[in-house]
There are 2 protein chains.
Amino acid sequence: MARRDTEPRTLTPLPALETWREQLRRGGLDLAILLSVSSTARYGLEIIRHLQASTDLVVTEGTIYPILARLTSSGLVEAEWVAGETPHPRKYYRLSGEGRKALATMIGHWTSFRRKIDRLIEREKGSGDETE
Amino acid sequence: MARRDTEPRTLTPLPALETWREQLRRGGLDLAILLSVSSTARYGLEIIRHLQASTDLVVTEGTIYPILARLTSSGLVEAEWVAGETPHPRKYYRLSGEGRKALATMIGHWTSFRRKIDRLIEREKGSGDETE
DNA sequence: CGTAGATACCTTGTGACGCAAGATATAATG
DNA sequence: CATTATATCTTGCGTCACAAGGTATCTACG
C-alpha cells in the first residue's frame, strides 16, 4: 500500500481544466467497461489493466468497483466468483443479454454525441476564430 | 410559465441507460458552450437556441446559467450587460484570452478521448462478439 | 391603473457520480 | 505471527446537471 503517498492529496480548487477533463471521462467509463467485458469475461483489476493497456484510460479501484456493482445490479453484466485456480478468488464479469442490447444502444448514442461535438468544433473553427 | 406541465417529473429509478446518457452529456457541455461563444458573443438563451439548432443538443436554462457562471468566475468567458437595444437587457458572453487557450487544450483532450473510445469500440466489435 | 404575456436571467433542492483512501479477505513466504 | 502480494469492497468528499420556481422589465389591452 505504498503507492500514491508522494502526492499530498488534491486540495487545490482544480484549475477548471482538470475538473473538466474528469467530467469528460465520466461519460465514457460505463461504455468502456462494458466494452471490456463484451467479448471476454474479465475480473476487476484485469479490466483496469486492459483499459490502461489498450486505451491509456486510467481507472482506479475506487472507481471501477462501484461501477461494476451498479452495472451488475442493473443487469447489464453478470458476475461469477472463480476460486481455486488462483491464489485469491476473482470475480469475473461478463456482458449479459440485456447488457448486449444496452451496449448496442450506447454505441449508437456515443456515435451521435461524438458527431455533434465534432460538428460544432469544425463549424466554430472555421467561422472567424482567427485571433492573430 | 405553462411549459413542461404535462410531464409528471421523472421519478423512475432511471433505467440505467438514461442516467448514462446524461453522464455522457456532462462531459461535453462546457466544451459545447465555449465553442458557442468562441466566434461571436452570445447571450444565455441564444446559446441554448444555437446549440439546439446546430447540434440538436438540448440544454435548459437551469443547466446553462450555472455553467456560464462557473466559466465566468474561472475566467474562461467574459460577460457584459447590454441594455437599451432590446426590450430586456441581455448578458452577452464571449471567450476570453485565457478561454481561448483553454478551448484549444480542451479540443485536444476531446480528440484524444474520442479516439480512445472509438478504438475500444472497434477492437471489441471485431474480437468475437458474434452471439448469433 | 391592473394584469397578462413575452423575454431573459438566476437560485434552490435533489439525486447521482468519480475517486482517494482505507478496510477486508486469502494464501504463500519468512 | 508478521509481511507481502493480490483482489474486492466501502466511506467521505466535492462536484455536477437539471427541473422547478422566482425575479425583473417591457409591451399590449381594457
Side-chain angles (χ1 to χ4, degrees), chain A residues 1-14 16 18-30 32-33 42-49 57-74 79-93, chain B residues 1-14 16 18-30 32-33 42-49 57-72 74 79 81-93:
Chain A
M1 212 168 298
R3 242 179 315 165
R4 290 179 284 259
D5 42 4
T6 42
E7 293 175 356
R9 182 180 187 152
T10 326
L11 284 172
T12 43
L14 289 177
E18 279 307 310
T19 4
W20 174 76
R21 248 178 102 172
E22 290 174 14
Q23 284 295 311
L24 184 59
R25 287 173 42 117
R26 285 167 113 125
L29 280 182
D30 284 27
I33 291 171
R42 289 193 164 95
Y43 64 96
L45 291 187
E46 189 184 7
I47 298 175
I48 293 179
R49 296 191 200 108
L57 275 173
V58 176
V59 187
T60 66
E61 302 148 45
T63 299
I64 207 164
Y65 289 115
I67 294 182
L68 285 171
R70 208 180 66 232
L71 293 175
T72 307
S73 81
S74 56
E80 186 193 6
W81 280 103
V82 176
E85 311 183 354
T86 53
H88 300 273
R90 293 168 173 172
K91 200 171 180 180
Y92 280 86
Y93 296 89
Chain B
M1 213 167 297
R3 242 179 316 166
R4 289 180 285 260
D5 42 4
T6 42
E7 293 177 357
R9 181 180 187 150
T10 326
L11 284 171
T12 43
L14 289 177
E18 280 306 311
T19 5
W20 174 76
R21 250 179 100 173
E22 291 175 14
Q23 284 295 310
L24 185 59
R25 286 175 43 115
R26 283 167 112 123
L29 280 182
D30 284 27
I33 291 171
R42 288 193 165 96
Y43 64 96
L45 291 187
E46 190 184 5
I47 297 175
I48 292 179
R49 296 191 200 109
L57 275 172
V58 176
V59 187
T60 65
E61 302 152 46
T63 299
I64 207 164
Y65 290 115
I67 294 182
L68 284 171
R70 208 180 68 231
L71 294 175
T72 307
S74 55
W81 280 103
V82 176
E85 310 183 355
T86 53
H88 300 274
R90 293 167 173 174
K91 200 171 180 179
Y92 280 87
Y93 297 88

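Chain A is the first sequence line, chain B the second, and so forth, proteins listed ahead of strands; every chain is numbered from 1.
Look at A:Thr60 and you won't find any side-chain N or O under 4.0 angstrom from OP1 or OP2 of C:dC19. Considering only side-chain N and O atoms, A:Arg70 lies under 4.0 angstrom from the phosphate OP1 or OP2 of C:dG18. Of the side-chain N and O atoms in B:Arg49, one or more sit less than 4.0 angstrom from OP1 or OP2 of C:dA8.
Note that OG1 of A:Thr60 and OH of A:Tyr65 are 10.5 Å apart. Values are rounded to the nearest 0.5 Å.
Between the CZ atom of B:Arg25 and the C1' atom of D:dC18 there is a distance of 9 Å, rounded to whole Å. Computed from coordinates, the A:Leu57 CG to C:dC19 C1' distance equals 15 Å when rounded to whole Å. Atom pair A:Ile48:CD1 and D:dA7:C1' shows a separation of 10 Å (rounding to whole Å applied). Rounded to whole Å, the distance from CD1 on A:Ile33 to P on C:dC17 is 12 Å. B:Ile67 places its CD1 atom 14 Å from the P atom of C:dC10, with the value rounded to the nearest Å.
Nearer to the 5' terminus of DNA chain C, by closest-nucleotide assignment, is the contact made by A:Val59 (compared with the other of A:Val59 and A:Thr86).
Applying the side chain to side chain contact (heavy atoms under 4.5 Å, CB included) test to B:Pro89 and every residue at least two apart in sequence or in another chain returns B:Trp81, B:Ala83.
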Can you give me the N/O atom pairs linking the protein to nucleotides 8-11 of chain D at distances under 3.5 Å, or say none if there are none?
{"from": "D:dT8", "atom 1": "OP1", "to": "A:Gly44", "atom 2": "N", "distance (Å)": "3.3"}
{"from": "D:dT8", "atom 1": "OP1", "to": "A:Lys91", "atom 2": "N", "distance (Å)": "3.3"}
{"from": "D:dT8", "atom 1": "OP2", "to": "A:Gly44", "atom 2": "N", "distance (Å)": "3.4"}
{"from": "D:dT8", "atom 1": "OP2", "to": "A:Leu45", "atom 2": "N", "distance (Å)": "2.9"}
{"from": "D:dT8", "atom 1": "OP2", "to": "A:Tyr65", "atom 2": "OH", "distance (Å)": "2.4"}
{"from": "D:dT8", "atom 1": "O5'", "to": "A:Tyr65", "atom 2": "OH", "distance (Å)": "3.1"}
{"from": "D:dT8", "atom 1": "O4", "to": "A:Glu61", "atom 2": "OE1", "distance (Å)": "3.3"}
{"from": "D:dC9", "atom 1": "OP1", "to": "A:Lys91", "atom 2": "NZ", "distance (Å)": "2.7"}
{"from": "D:dC9", "atom 1": "OP2", "to": "A:Tyr93", "atom 2": "OH", "distance (Å)": "3.4"}

Seminar exercise, completed: Secondary structure of DNA chain C per the Watson-Crick/G-U criterion (both distances under 3.5 Å; [ ] crossing, | other strand, . unpaired) is ||||||||||||||||||||||||||||||
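Here the closest heavy-atom approach between residue B:Glu61 and residue B:Pro66 is recorded as O-CD, 4.1 Å. The nearest pair of heavy atoms linking B:Leu71 to B:Asp30 is CD2-OD2, 4.1 Å. The two residues B:Leu68 and B:Gly44 make their nearest non-hydrogen contact at CD1-CA, 4.2 Å. Closest of all the heavy-atom pairs between B:Thr63 and B:Ile67 is O-CG1, 3.2 Å.
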